[in-house]
Structure formats: structure tokens, C-alpha cells
Amino acid sequence: MSRVVCIGGAAVDRKYRALATIRPGTSNPVVAERSFGGVARNVAETIARLGTQAALVSIVGDDDNGHGLLEDLERLGIDTRRVTVSDAHATAEYVAVLQPDGELAVGLAHMAIFDTLTPALLHEAEPELGSAWIFADCNLPAETLSDLIGLARQRALMLALDAVSTPKVMRLPPDLSGVGVFFLNLDEARVYLNRPEVAPESAAEALLARGAEQVVLTLGGKGLVAADSFGIRKVPAIKAGIVDATGAGDALIAATLVAMLKDAPLDQAARLGAVAAALTVESPVSVRPDLSFALLESTLSLRAGSDVEREPS
């Protein structure tokens with residue numbers, strides 16, 4: 001099985017980088033750029049660039065942004081048959097206003113359209129799900145996430161989830177049975193578990209105890225923790241010079257899933273995910289156009305540090 005159906009956010013990203021320090025209350029000259037984003041969309045694009053078939057289940061508006069987004073996905077060879085076009089809502093948009101050094105001055109998110117990613121939309125896409133792995137992000141409403149986890153549990157489907165943010169991770173039910181791989185960072189884990197001081201390894205253990213089969217818990221510059229029934233392993237970060245961190249987490253997810261599809265164990269797959277994240281932060285775009293599985297493997301052999309540290313299970 002070598003197809004991943006990605007369910008969740010697809011958006012237009014606009015970045016406005018100021019040419020001088022931003023002065024509130026007046027006009028500021030900027031350099032502007034538009035790109036396509038959204039967690040599920042980014043993961044789908046990266047999976048396709050890594051040589052694996054990808055499909056997207058999402059919703060866009062019947063507007064220039066939506067049509068441009070769909071055309072770009074089709075150019076990339078991503079199956080868009082389950083992307084709904086809405087005449088009631090505008091395509092999701094994220095606007096980042098940046099200081100000259102790249103620091104975010106203000107971020108604006110217009111994401112109301114994702115509230116219409118209902119269980120009914122999920123059930124329309126159900127015929128696509130039986131013969132594929134599934135990835136979903138927590139841009140989906142809580143009811144849709146709950147239905148999707150239940151479907152994965154009932155039909156023994158491989159489901160990977162991304163928390164997206166600390167508010168959105170709370171859309172997940174307390175019981176994670178049915179979740180094959182859960183991707184999240186330490187802040188999201190602490191909020192979800194309601195344990196503000198929990199250590200990374202203990203957080204991973206608690207998430208496994210709630211029913212997730214495998215956990216990839218990211219720790220920024222400290223690497224990540226990969227946890228499953230074989231134990232808990234620390235995977236070091238891959239050294240990188242940061243140009244733009246946008247999309248790094250999406251790249252990590254996509255590369256980890258593609259490596260797992262190729263039968264790599266979780267910790268080895270997550271190492272390749274860490275390489276994809278490092279390559280992405282070194283690029284000014286959210287998804288590197290030159291990304292390939294061969295590039296991941298060669299970069300890992302060039303940059304790999306110490307071996308994976310093992311923790312007793």
C-alpha cells in the first residue's frame with residue numbers, strides 16, 4: 001500500500017516583509033509574496049515530492065485563491081477529487097506581517113471555512129480511505145476528528161494525526177485508540193494531557209497509555225522522542241541554518257510517513273523526518289521543490305550525529 005489520503009487544511013499564505021522596522025498607525029513599505037499552505041496540503045505535496053501517491057480531502061472557496069490552489073495541486077499530481085468547492089465561504093488565508101529580520105509582527109488567520117469540514121464530508125470520502133493510509137490535521141472540527149478516529153478503529157485503518165496547535169489539540173477525544181501515529185510538540189502534549197510540567201518521555205508514555213500506537217513528540221532544537229510498543233527513543237536534531245521555519249513540521253510528518261510506508265521502524269523513519277525538517281528550514285519556501293527521498297538519505301549520511309539514544313521501555 002503506497003497511497004496517503006491527507007484530510008484537513010488547505011490555505012493561501014501571504015507574507016509581507018517590511019523593508020524597515022514596522023511603525024504602527026501608518027503605511028509601511030513591504031515586499032509581498034503568495035504561496036499555498038495548510039497542514040494537510042503541505043503534507044500531501046511533500047509526500048508527492050517524495051515519490052508516493054497523495055490525495056487531499058479539504059475545502060476551498062469558489063474564488064481565485066481556491067482555483068489557484070486546486071490548479072497547483074493538480075500540477076503536482078495530487079488527487080483533488082475529494083476537495084469540495086464552497087460558494088458560501090472564502091478559501092482559507094493566512095497573512096504574516098514580518099519585521100525586516102523575519103520576526104513575525106502580526107499573523108492573521110481567516111479559517112472559518114474549515115468549520116464546514118463536517119462528518120458528512122468525511123463520509124463522502126469514505127470509499128477512498130479503505131485502500132490507503134490516512135493523515136489528518138486538527139484543523140478538522142472535533143466531531144469530524146472523533147468520527148475519523150472511530151472509523152480507523154472499526155476498520156483497522158492506519159491513521160496519523162497532527163495536533164497543529166495547543167488550542168486545536170483539545171479537539172481530540174481523551175481516548176486515542178485508533179490513532180496509528182500521533183505527531184505533536186511538547187507544549188501541545190502538556191496541554192492535551194493537562195500536565196504542564198510533564199517531561200517528554202513521560203508525556204510520550206501517557207499518550208501511548210491513552211491508546212495511540214506510536215507517538216512522535218518534537219522538541220525543537222533538542223530533536224524528538226519516538227515512542228511505540230518497543231520503547232522510547234530519543235532522536236537528535238539535524239543541524240540546519242534557519243532561513244524560514246514555515247512548513248518544517250509538515251515536512252517531518254510527510255517524510256516519516258513515507259519512510260514508514262517503506263517499512264522503516266518508527267525511530268529510523270522519524271530520523272528521516274528530522275532531515276526533511278532541517279532541509280525545509282534552510283529553504284525560503286514551505287515545501288522544498290527539490291525534495292526527494294534520495295536527498296533525505298544522502299543528507300542523513302552527511303549530517304548524522306550520534307546514534308539514536310535508547311531509553312528503557
Side-chain angles (χ1 to χ4, degrees), residues 1-9 39-58 78-79 81-82 117 119 121-140 144-164 169 171-173 175-184 204 207-218 224-231 233 249-273 276 293 296:
M1 194 183 298
S2 56
R3 185 168 185 264
V4 183
V5 177
C6 302
I7 307 174
V39 175
R41 196 220 68 89
N42 285 352
V43 170
E45 179 181 344
T46 306
I47 286 169
R49 292 195 181 280
L50 294 175
T52 296
Q53 287 188 323
L56 183 66
V57 178
S58 189
I78 294 165
D79 183 346
R81 286 174 297 168
R82 297 296 178 177
L117 284 167
L121 208 92
L122 178 67
H123 294 309
E124 283 177 24
E126 202 172 317
E128 310 286 330
L129 306 182
S131 59
W133 282 18
I134 306 163
F135 166 75
D137 66 46
C138 285
N139 284 306
L140 298 173
T144 308
L145 285 165
S146 180
D147 274 26
L148 183 59
I149 293 168
L151 186 70
R153 187 165 53 233
Q154 289 160 18
R155 294 178 51 185
L157 303 174
M158 170 58 179
L159 170 64
L161 287 182
D162 178 43
V164 178
V169 74
R171 296 176 179 180
L172 292 172
D175 181 3
L176 296 174
S177 303
V179 177
V181 194
F182 190 16
F183 293 91
L184 73 173
L207 293 165
L208 293 176
R210 286 204 180 190
E213 289 177 31
Q214 300 166 101
V215 174
V216 176
L217 183 68
T218 57
L224 60 86
V225 169
D228 58 17
S229 60
F230 297 104
R233 282 87 72 205
D250 306 336
L252 183 145
I253 291 165
T256 301
L257 292 177
V258 171
M260 290 175 69
L261 272 168
K262 295 175 182 284
D263 296 325
L266 180 66
D267 55 336
Q268 290 179 28
R271 287 198 97 182
L272 285 168
F293 205 77
L296 295 185

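No experiment lies behind these values; they were computed from the predicted model shown.
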Check whether any side-chain heavy atom of [X] lies under 4.5 Å from a side-chain heavy atom of [Y], and answer yes or no.
X	Y	result
Ile7	Val5	yes
Leu129	Leu151	yes
Leu266	Val215	no
Leu176	Phe182	yes
Asp162	Cys138	no
Ile47	Trp133	no
Arg81	Val57	no
Thr218	Phe183	no

What's the spacing between [X] [atom1] and [Y] [atom2] if we round to 0.5 Å?
X	Y	atom1	atom2	answer
Asp263	Gln268	CG	CD	11.0 Å
Leu121	His123	CG	NE2	10.5 Å
Leu217	Leu224	CG	CG	8.0 Å
Leu261	Gln53	CG	CD	11.0 Å

Where [X] and [Y] come nearest, the two heavy atoms and their spacing:
X	Y	answer
Leu272	Ala255	O-CB, 3.9 Å
Leu122	Thr144	CD2-O, 3.9 Å
Gly130	Leu157	CA-CD2, 4.0 Å
Leu56	Arg41	CD1-N, 4.0 Å
Ala44	Ala54	O-CB, 3.5 Å
Ser58	Gly9	OG-C, 4.0 Å

Using a 3.5 Å distance criterion without hydrogens, assess whether the side chain of [X] forms a donor-acceptor pair with backbone atoms of [Y].
X	Y	answer
Thr256	Leu252	yes
Arg171	Leu145	no
Thr46	Ala251	no
Arg233	Gly231	yes
Arg82	Glu124	yes
Gln214	Gly180	yes
Arg3	Thr52	no

Checking side chain to side chain contact (heavy atoms under 4.5 Å, CB included) between Val43 and each of Asp137, Asp250, Val4, which is the one that passes?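 Going through Asp137, Asp250, Val4 one by one, the side chain to side chain contact (heavy atoms under 4.5 Å, CB included) with Val43 is satisfied by Asp250 alone.
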
Option among Leu184, Leu172, Ile134 that satisfies the side chain to side chain contact (heavy atoms under 4.5 Å, CB included) test with Leu161: Leu172

Test side chain to side chain contact (heavy atoms under 4.5 Å, CB included) applied to Leu257 and Lys262, step by step: CA-CA 9 Å; Leu257 292 177; Lys262 295 175 182 284; over 6 Å; no

Give the intermediate values and the outcome of side chain to side chain contact (heavy atoms under 4.5 Å, CB included) for residues Leu117 and Asn139. CA-CA 9 Å; Leu117 284 167; Asn139 284 306; 5.7 Å; no

